Each structure stands twice: as structure tokens, then as C-alpha cells.
Amino acid sequence: MATDQRLTPQSKDFAAWYTELVQLAGLADYSPVRGCMVIRPYGYAVWELMQAALDDMFKSTGHQNAYFPLFLPQSALDREAEHVEGFAPQTAVVTRAGGETLEEPLVVRPTSEAIIWPVVANWIQSYRDLPILLNQWANVVRWELRTRPFLRTTEFLWQEGHTAHATAEEAQEEARRMLGVYREFMEEWMAMPVVTGEKTPSERFAGAERTFSCEALMRDNRALQAGTSHYLGQNFARAFEVQFQTEAGRHEYVWSTSWGVSTRLIGGLIMTHGDDEGLVLPPRLAPHQVVIVPIWKSEEQRRTVLDKARELRAALSGRVRIHVDDRENMTPGAKFFEWERKGVPLRIEIGPRDVAGSQVVLVRRLKGEADRKRPIDEAEAVAVLPELLTGLQAEMRAAAAARREENSVRADSDFEGFRSRMAGLGGFVYAGWCGREACEQKVKDETKATIRVIPDQEFRSQEPPERCLCCGRAPAEEVLWAKAY
RNA sequence: CGGGGCGUGGCGCAGUCCGGUAGCGCACCUGCUUUGGGAGCAGGGGGUCGCCGGUUCGAAUCCGGCCGCCCCGACCA
């Protein structure tokens with residue numbers, strides 16, 4: 001519905017801008033349950049587009065969807081020591097059901113390893129049954145102290161991939177492959193560039209041997225962990241007795257992986273591209289890529305203009321997601337503002353003058369071009385619209401990448417410089433790290449910045465850093481520091 | 001759990017200091033006029049003032065207790 005409420009500018013209060021935008025763009029709403037949000041139809045439409053794209057990618061890498069229960073027996077969760085320890089503080093537990101106290105409490109899944117592996121163990125006898133490549137789309141619950149729509153909620157939607165392999169090498173490759181899939185999705189679909197790499201031991205998933213991550217930089221210069229992929233080694237296989245017989249006839253535990261992205265991606269999308277007018281959606285994830293706003297005065301004009309609008313929609317449907325906003329009793333101006341707030345990439349205005357001249361007025365949502373609004377021949381519009389959208393997608397991606405680079409520093413900078421940067425501007429800082437947890441912790445305590453990732457080769461500096469940012473010793477690694485969500 | 005703020009029609013708020021039976025803007029409904037950047041006029045509907053208790057002839061307002069939400073910190077995708 002139309003509203004004249006203005007957004008707090010990003011520069012004034014980014015957090016306020018974000019929460020207001022989520023509401024005003026109709027993406028989500030608060031709910032009667034603390035920490036749990038309602039995803040509204042427009043927000044859910046974005047999620048469905050994300051799901052469709054990711055699901056295709058999972059299928060084409062050989063994965064199959066399945067569904068495992070919401071409840072985990074407490075005893076199952078308890079079987080992998082680090083895993084329980086990691087999740088215990090965040091679990092919701094059902095102790096009563098059917099009017100009686102349960103003999104064994106049921107944990108609402110914070111992630112599904114503990115119910116998948118005991119079951120899948122029965123599906124695996126020999127190496128011929130491997131690899132097992134599963135994915136599930138599900139909701140999970142992690143009790144959070146502080147929540148924000150999409151970024152951190154008590155219940156959230158995600159996909160979790162779970163795979164089992166006959167060798168460690170193959171499992172590691174799988175974890176890496178899926179990280180690559182995430183990266184491709186984030187860059188190609190979300191137009192959100194990411195730095196990939198490995199997490200330090202302190203930031204690892206509970207129970208994992210190695211955790212890989214995609215890290216994106218938001219417009220307020222804070223990092224967002226957008227997706228993670230874990231090499232679990234044989235930890236879960238041992239805990240849940242997932243064994244197979246090798247070609248040579250021996251029994252071995254499988255090597256497994258898990259990987260996930262969540263509705264948090266929508267938060268990333270908002271904070272990567274949104275501006276003071278509202279949401280800005282990349283065409284590939286826009287529920288409406290083009291909205292036609294008809295303009296009329298008389299009843300006769302209304303008919304002509306609407307006919308033209310529907311004709312145009314018909315000419316483009318199948319190639320472009322296009323919507324005709326034929327609501328009465330709402331002025332064109334109000335519609336312009338509403339669709340801009342909702343981030344629709346392109347708008348077409350059709351009035352009596354346009355119909356007479358066989359033209360339409362084309363307006364792009366993205367700022368930064370002098371002729372943001374221009375008349376275009378009707379037939380030409382039909383021809384060029386799809387490629388215009390492709391162009392916008394590329395433009396958004398390039399702009400986001402440029403912004404990230406402008407806010408990335410590569411320097412063996414001194415700790416004081418780093419401290420003041422993190423207190424002010426923020427952004428990504430590539431610097432040396434000696435590899436000791438004490439240094440990682442000290443920097444975190446003093447600056448709130450954390451090691452987001454040990455970047456993959458392609459992101460590393462040409463000149464490797466010479467000293468640890470914190471203690472000045474010879475660095476073991478170059479790492480990416482930032483304040484994170 | 002610590003610090004700060006706030007609970008009054010769907011949303012945003014005023015009224016609270018100084019008690020007298022609830023008001024404004026937006027949204028909503030009806031009608032007419034409008035429509036190329038957030039329409040105008042007229043009429044209309046909608047609120048146990050977060051909850052419980054106390055003081056009082058009388059409480060949104062004063063007192064006591066409780067609950068909830070938001071923001072900032074410690075845990076996390």
C-alpha cells in the first residue's frame with residue numbers, strides 16, 4: 001500500500017534504514033513471537049527466485065532433495081561432542097507433548113546432521129553406495145539473543161547440503177565445489193561480490209574439520225558471512241557409525257560435508273544494493289523486472305492506455321517478468337514511489353501522448369545516469385528490454401565490486417591505524433596474522449573486528465604481509481579482517 | 001543478562017508534569033471531482049490508553065508490581 005513515510009538515510013543511521021526498508025518495501029513483518037519474523041509475499045517471492053536458481057545449481061552438481069524431521073532426539077545431538085557444545089546454548093527443546101512429559105526431550109533442529117547421519121548410515125553398505133549427495137530445504141531454530149529481520153532470526157529458512165564420500169580428498173573437493181557454487185550464485189544472481197576462503201579454527205562450524213566461507217561487504221562497510229561450506233572429516237561418521245566397505249573389503253567411516261545458505265541472503269541483497277529511496281533488486285532476483293504504470297485522464301484514455309500496456313506485457317511475457325499496475329484510485333506518482341521503494345529494476349510509463357506517438361517512457365531504478373528516464377519507441381522497447389536487464393545486472397555487480405575495492409585496504413598497517421579504521425570507516429583489511437588464537441582474540445576484544453576468512457589465493461595481496469597485525473611476528477597467513485554482522 | 005528508550009484506533013504520534021471520561025496526521029470505507037512524480041473536497045467507521053492491583057467521587061494521567069517491544073553491549077548464519 002502507498003505510504004508517504006520516508007526512509008532514514010543510510011548515512012544517518014544504517015541500522016534504522018535497514019529495518020525501515022524491510023517493512024516499507026513489504027519484505028517482512030514482525031510476529032507475535034519474539035525473534036521470529038514473517039516473510040511477506042514480496043520478500044518470499046525473492047526467496048523463491050533464489051531457491052529456484054540454487055536448486056538448479058545443486059541438481060546440476062548431482063544433488064538430490066530430501067526431507068528429514070524437524071525434531072532431533074536429544075541423545076542424537078549429544079553424540080558429537082563439539083557439535084553439542086556449539087549448539088547447546090542455542091537450542092529450543094520440547095519437553096512436553098500430548099499432555100505428557102516426554103521420556104526423551106526433542107530438540108528443534110538447529111541444523112540436521114544429528115538426524116540425517118543416523119538414518120543415512122542405513123543406506124550405505126559399500127563404496128558403491130557413495131557418494132551420497134543430499135540437500136534439504138528447511139527451517140531451523142537457533143535461539144538468538146538479538147535478532148534482526150533476515151540477518152538473524154530465531155527461526156530461519158535455509159538449505160542444507162549433506163554429503164558422504166569414500167575419501168577425504170573427495171569430501172574436501174565437494175566442500176570446495178559447493179563454496180564455488182555459492183560464490184557463483186552470489187556474484188551472478190545477487191550481483192554481490194564475495195571473498196572466499198577458509199575460516200580460522202575459532203570461527204569453525206561446531207564439529208567441522210574445515211569451514212569455508214563467502215564474505216561480502218555491505219554498504220555500511222561491515223562484512224556479511226553469506227554462505228558456509230564445511231569439510232566434516234570423519235567426525236560425524238564416527239559419532240553416528242556411518243561406515244562402508246571399501247573395494248578392498250575393509251570397513252571405513254565415510255567422509256562428510258555440509259553446506260548452507262539461508263534467508264540471510266536477502267539481508268545481504270538489501271545491504272549490498274539498497275539506497276535512500278529503498279530496495280534495489282538485481283533483475284535476476286526481481287519478482288517484477290518491469291512494472292508498467294499506465295497514465296490516463298478520461299475513461300476513453302484509460303481503455304486505450306491499458307490496452308497498450310497489456311499488449312506490451314503480452315509481447316514480453318515469457319522473456320521478462322512484467323507487471324501492469326492497473327490499480328485505480330492511485331495516482332501514477334504514488335505508484336512510481338512504491339515500485340522504486342520495492343526495487344523494481346525498470347519502469348515503463350504509458351500515457352495518452354505515448355500511445356499517440358507509439359512510444360513509452362522507460363525509467364531505470366539505478367541512479368547515476370543522466371537519462372535515467374527516456375522515451376523509447378514501443379517496438380524497440382520490446383526488442384531491447386531483455387538485454388537492458390542483463391546490462392543492469394552487470395552494472396550492479398560492477399558497482400558493488402568497485403565499492404568493495406574502494407573500501408578494502410591492503411597494507412601491513414600498524415595496529416593503531418587499524419584500530420582507528422575499525423572505529424571509523426570500517427571495510428575490509430588484508431593483513432598478516434601469526435596464527436595464534438591469542439592475537440585473533442586480542443584484536444577482536446580491542447577493535448570488534450574479526451578474521452572473516454583466510455582468503456583464497458586469488459584474493460591475496462601481491463606482496464604478502466611481513467608482520468602479524470597484532471604482535472608483529474612473522475605472519476603465518478594473510479587474513480581478511482572486518483567488523484561483521 | 002547489563003545500559004538506554006518506548007507501550008494511547010492498522011501505522012506514526014500528542015495528551016501524562018498539573019486527574020474531569022481521548023485527540024491529530026497517515027491509512028481505511030462512501031460519494032463527487034482527479035490522475036505525466038507521493039490527489040482534492042465532503043461525509044463515515046474504528047481505541048478495555050500493555051497487564052494486574054492501589055489511591056480517588058472520578059485515573060491514559062498519581063502510586064506499586066508485572067509483561068512486552070525497540071536500540072546499544074556479551075553469544076551466533
Side-chain angles (χ1 to χ4, degrees), chain A residues 1-6 8 13-16 18-20 23-24 29-36 85-91 110-111 140-160 182 199 202-206 211 213-216 223-230 258-268 277-278 293-299 301-302 305-306 325-341 347-357 359-361 363 372-373 375 444-445 448 450 452 484-485:
Chain A
M1 282 293 102
T3 172
D4 61 356
Q5 196 180 331
R6 287 189 172 274
T8 300
D13 183 345
F14 195 83
Y18 178 85
T19 44
E20 287 167 19
Q23 291 260 348
L24 293 176
D29 206 346
Y30 291 101
S31 79
V33 182
R34 185 210 344 228
C36 295
E85 202 184 318
F87 283 108
Q90 283 189 280
T91 54
T111 176
V140 286
V141 166
R142 297 181 187 177
W143 218 253
E144 296 289 350
L145 300 174
R146 265 191 76 200
T147 60
R148 298 184 69 190
F150 295 114
L151 297 174
R152 173 162 296 108
T153 47
T154 289
E155 179 190 11
F156 58 96
L157 305 185
W158 78 344
Q159 84 25 241
E160 47 182 322
Y182 287 156
K199 288 287 190 184
S202 71
E203 298 263 334
R204 251 180 225 148
F205 174 73
T211 289
S213 161
C214 294
E215 298 283 329
L224 184 77
Q225 179 174 307
T228 49
S229 180
H230 317 285
S258 69
W259 27 273
V261 295
S262 71
T263 37
R264 171 179 250 203
L265 289 177
I266 296 173
E277 313 303 319
V293 177
I295 298 154
W296 66 76
K297 286 190 168 70
S298 66
E299 177 59 26
Q301 284 176 342
R302 191 181 74 94
V305 163
L306 274 179
D325 186 353
D326 57 4
R327 286 174 294 179
E328 318 257 348
N329 303 323
M330 192 169 174
T331 61
K335 292 177 181 177
F336 299 164
F337 278 95
E338 180 175 325
W339 293 117
E340 279 172 13
R341 176 151 290 171
R347 176 173 77 239
I348 288 177
E349 306 173 5
I350 306 179
R353 294 204 297 270
D354 300 310
V355 178
Q359 60 158 37
V360 299
V361 173
V363 189
R372 203 169 82 88
K373 192 168 187 168
K444 182 180 179 180
D445 290 343
K448 310 265 187 256
T450 50
R452 299 320 305 151
Y485 273 96

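Worth saying up front: this structure is predicted, and the values here are computed from it rather than measured.
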Between A27(B) and G46(B) - C1' atom distance, rounded Å = 12 Å

Under 5.5 Å and under 30°: F337(A) stacked on G38(B) = yes

Can you tell me if T211(A) and H230(A) form a side-chain donor-acceptor pair at under 3.5 Å?
-> yes

What residues, two or more places apart in sequence or in another chain, satisfy side-chain contact (heavy atoms from CB on, under 4.5 Å) together with T154(A)?
-> C36(A), V141(A), W143(A), E144(A), T147(A)

Give one of base, sugar-phosphate or nothing for E340(A), where a contact means two heavy atoms less than 4.0 Å apart.
-> base

Set of ring-ring contact (aromatic ring centres under 6.0 Å, His included) partners for Y18(A), sequence neighbours left out = none

OP1 or OP2 of A74(B) under 4.0 Å from side-chain N/O of K448(A) | yes

Choose from G37(B), C71(B), C76(B) the nucleotide whose nearest atom is closest to any side-chain atom of R372(A).
-> G37(B)

Between protein and nucleic acid, restricted to nucleotides 33-35 of chain B and to nitrogen or oxygen atoms under 3.5 Å apart, what atom pairs and distances do you find?
{"from": "U35(B)", "atom 1": "O2'", "to": "W296(A)", "atom 2": "O", "distance (Å)": "3.0"}
{"from": "U35(B)", "atom 1": "O4", "to": "W296(A)", "atom 2": "NE1", "distance (Å)": "3.3"}

Side chain to side chain donor-acceptor pair (under 3.5 Å) involving T450(A) - partner list, sequence neighbours excluded | R452(A)

Can you name the side-chain contact (heavy atoms from CB on, under 4.5 Å) partners of E277(A), sequence neighbours left out?
-> D275(A), R365(A), K367(A)

Name all residues meeting the ring-ring contact (aromatic ring centres under 6.0 Å, His included) criterion together with W158(A); count only those two or more places apart in sequence or in a different chain, and write none if there are none.
-> F156(A)

Picking from A77(B), G36(B), C71(B), which would you name as closest to the side chain of V361(A)?
-> G36(B)

